[in-house]
Amino acid sequence: MTRATLLCTVRDCRLPLTREERRLVCPNGHSFDVARRGYVNLLQPQDRRSRRPGDSAEVFAARRRVLAGVEARLVSDLVDLLAAAPGGAVLDVGCGEGHHLALIAERFGGEAHGIDISVAAIDAAARGHRGLEWIVANADRFVPYADASFSVVASITGRMNPGEFRRVVREDGILLVAVPAHDDLVELRESILGEGVLRDRVERTLANFAPQFTLERHERIRHVARLDAAAIADVMTSAYRALRARERARLTAIGEMEVTQSRDVLIFRPRAVH
Ligand SMILES: [Zn+2]
């Protein structure tokens with residue numbers, strides 16, 4: 001099996017990287033070390049950004065519990081939508097700690113690659129899921145893979161770079177984009193943040209991808225579950241990161257609540273390149 005080829009991220013180099021013992025090297029002599037846990041950090045100085053609250057250990061832990069717990073059905077339903085995808089390599093852009101990608105690989109097999117800009121997230125992904133390929137990179141700038149490398153590109157409440165997604169997906173491949181639906185966490189937003197439904201993101205997402213992709217299918221995945229106080233705290237922490245003191249007080253006052261979890265999932269096919 002041939003592996004998807006990584007490309008050099010140094011400025012405009014973009015030449016193929018070859019794997020040596022503990023590093024990747026391009027023909028121009030740029031090299032990247034393979035970390036002890038097996039992932040590769042391809043970030044360039046211009047890609048680095050300040051630490052966000054989202055990178056804190058507390059948020060990571062909350063998100064991990066949410067994905068494996070109250071969101072498990074949502075995640076499972078989402079992965080089911082890839083059943084019709086052609087076989088081949090899968091790329092998850094903005095993969096975080098790799099929860100979705102690991103499940104995709106477990107269910108469908110095949111080569112699996114995850115990209116995230118957070119070193120901490122990729123380090124955790126590599127620790128938790130061996131045998132998959134993990135890359136630290138800024139996918140907003142450049143998705144560091146050769147053209148037509150993937151049968152599936154996924155962006156699950158993650159980053160969106162239509163031009164680059166089109167370049168790395170195969171002609172017969174699919175693009176899966178999942179965004180929070182307008183009623184996601186609506187009960188919690190009303191009682192804690194004092195706001196109602198979210199703006200619908202489907203229209204904007206479709207417009208964003210229209211030049212390179214055609215929509216094949218739109219599914220809304222929705223589950224309503226009774227959550228206890230601990231689960232509600234985790235959900236809010238992972239979705240909103242920093243709450244104001246007044247909001248935190250309202251959160252603490254909530255006992256149990258019925259909570260809607262909802263995603264709009266868009267399955268796209270690439271447009272032919274002329
Ligand atoms: Zn290079």
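Given the structure is predicted, the values throughout are model-derived calculations rather than measurements.
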Under the 3.5 angstrom rule, does the side chain of [X] hit a backbone N or O of [Y] as a donor-acceptor pair?
X	Y	result
Arg189	Asp184	yes
Arg63	Ser238	yes
Asp228	Ala231	yes
Ser151	Ala89	yes
Thr252	Arg248	yes
Arg127	Ile122	no
Asn161	Ala139	yes
Arg23	Asp33	no
Glu219	Asp264	no

- Axial cation check for Phe150 ring with Arg170, 6.0 Å and 45° limits: no

- How many angstroms lie between CD in Glu256 and CD in Glu258, if you round to the nearest 0.5 Å? 9.5 Å

- Using a strict 4.0 Å threshold on nitrogen-to-oxygen distance, state whether Glu133 and Arg19 make a salt bridge. yes

- Item | Heavy-atom closest pair, residues Asp147 and Arg167 | OD1-NH1, 2.8 Å

